[in-house]
Amino acid sequence: VQLQASGGGLVQPGGSLTLSCAASGKNLDFSTVGWFRQAPGKEREAVSAISRNYVGRSWYSNSVKGRFTISRVNAENTFFLQMNDLKPEDAAVYYCAASRYNLIMSTWAQGTQYAYWGQGTQVTVSS
């Protein structure tokens, strides 16, 4: 299994970006997929995740709620993170991740629940 993240770049504060993560390989029916980020000198932070099996079940960190939207297209083994109203504090390397577990509110943000990780894509927010 491989996850390929893309879509990062340089954007001005208030701007938007959409990150994509494409999965390839065998047995790609992940129950939960998500996004994490890590800024220089900071710990990795869970951003958002979405369930495959429960329609509408998604989670967001408080720092991005209302600005970011996660989605997935199961038939294409691809999932996305639409990021609006970006702020300088959103700048980080963003990683996509996939889990075979049906994660819930208390577990979705735990990186150890995800066995598969993409390589990361850089998001820079600066004027």
Side-chain angles (χ1 to χ4, degrees):
V1 173
Q2 287 189 329
L3 300 180
Q4 180 72 41
S6 62
L10 172 63
V11 64
Q12 292 185 344
S16 299
L17 280 176
T18 299
L19 305 184
S20 302
C21 185
S24 60
K26 296 184 178 180
N27 300 322
L28 301 179
D29 54 341
F30 303 111
S31 294
T32 307
V33 294
W35 292 92
F36 291 73
R37 67 186 182 187
Q38 187 166 22
K42 294 188 176 182
E43 293 187 354
R44 185 179 62 193
E45 173 191 17
V47 176
S48 180
I50 187 168
S51 169
R52 175 189 183 97
N53 301 319
Y54 298 94
V55 176
R57 179 176 287 183
S58 59
W59 307 273
Y60 298 90
S61 67
N62 287 335
S63 61
V64 307
K65 197 173 297 182
R67 300 186 297 120
F68 291 12
T69 303
I70 191 170
S71 60
R72 64 189 294 175
V73 181
N74 294 328
E76 296 180 359
N77 299 312
T78 305
F79 55 105
F80 307 91
L81 185 69
Q82 171 69 41
M83 307 185 294
N84 297 326
D85 190 22
L86 282 160
K87 305 177 186 299
E89 53 263 39
D90 295 317
V93 177
Y94 282 70
Y95 299 91
C96 55
S99 173
R100 299 204 184 277
Y101 300 119
N102 285 312
L103 301 181
I104 58 177
M105 183 177 292
S106 62
T107 60
W108 76 268
Q110 299 170 4
T112 54
Q113 301 285 349
Y114 299 80
Y116 307 98
W117 292 81
Q119 85 290 359
T121 184
Q122 177 73 50
V123 172
T124 303
V125 184
S126 174
S127 55

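- Connection of M105 to V64 is not established within any shared hydrophobic cluster, with ILVMFWY side chains joined at heavy-atom distances below 4.5 Å, either directly or through further cluster members.
- Listed here is the closest heavy atom pair of A92 and A39: CB-N, 3.8 Å.
- Atom-to-atom distance recorded for R44:CZ and R37:CZ is 13.5 Å, nearest 0.5 angstrom.
- In this structure, CG in L10 is found 9.5 Å from OG in S127, a value given to the nearest 0.5 Å.
- The environment of Q122 atom CD is dense: over 12 non-hydrogen atoms of other residues, nucleotides or ligands sit within 6.0 angstrom.
- For residues 9-30, every residue pair satisfying the ring-ring contact (aromatic ring centres under 6.0 Å, His included) rule, not counting sequence neighbours, is listed here: F30-Y116.
- Interatomic distance, OG of S16 versus CG of D85, reported as 8.0 Å (0.5 Å rounding).
- Atom CD of Q4 sits about 14.0 Å away from atom CG of N77, to the nearest 0.5 Å.
- For the 3.5 Å distance criterion, the side chains of T18 and Q82 qualify, holding a donor opposite an acceptor.
- Between S6 and T121 there is no side-chain heavy-atom pair separated by less than 4.5 Å.
- What you find for G111 and W117 is that their closest heavy atoms are O-CZ2, 3.5 Å.
- Judged purely by atom type and a 3.5 angstrom limit, S99 uses its side chain to pair as donor or acceptor with the backbone of Q113.
- No single ILVMFWY cluster, assembled from side-chain heavy atoms under 4.5 Å apart, contains both V47 and V93.
- The two atoms that bring R72 and S31 nearest to each other are NH1-O, 3.4 Å, heavy atoms only.
- Linking ILVMFWY residues whenever their side-chain heavy atoms come closer than 4.5 Å, directly or via other members, places I50 and L3 in the same cluster.
- Counting only heavy atoms from C-beta outward, the side chains of W108 and Y60 never approach each other to under 4.5 Å.
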* Give the intermediate values and the outcome of side-chain contact (heavy atoms from CB on, under 4.5 Å) for residues V123 and L19. => CA-CA 9 Å; V123 172; L19 305 184; 4.1 Å; yes
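- The CZ atom of R67 sits 9.5 Å away from atom CE of M83, with the distance rounded to the nearest 0.5 Å.
- Taking the side chain as every heavy atom from C-beta outward, L81 and S48 approach each other to under 4.5 Å.
- To the nearest 0.5 Å, the span separating CG on N102 from CZ on R52 amounts to 10.5 Å.
- With hydrogens and angles ignored, the 3.5 Å screen pairs a side-chain donor or acceptor of T32 with a backbone N or O of L103.
- Looking at S58, its side chain never comes within 3.5 Å of a backbone N or O of A49 through a donor-acceptor pair.
- In this structure, Q110 contributes its side chain and S106 its backbone to a donor-acceptor pair below 3.5 Å.
- Listed by first and then second residue, the ring-ring contact (aromatic ring centres under 6.0 Å, His included) pairs involving residues 71-103 are W35-F79 (not counting sequence neighbours).
- Using a 4.5 Å cut-off on side-chain heavy atoms (C-beta onward), E89 and S63 make no contact.
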* Asked: So V1 and N27, side-chain contact (heavy atoms from CB on, under 4.5 Å) or not? Walk me through it.
  -> CA-CA 8 Å; V1 173; N27 300 322; 5.7 Å; no
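- At least one donor-acceptor pair under 3.5 Å links the side chain of Q119 to the backbone N or O of A5.
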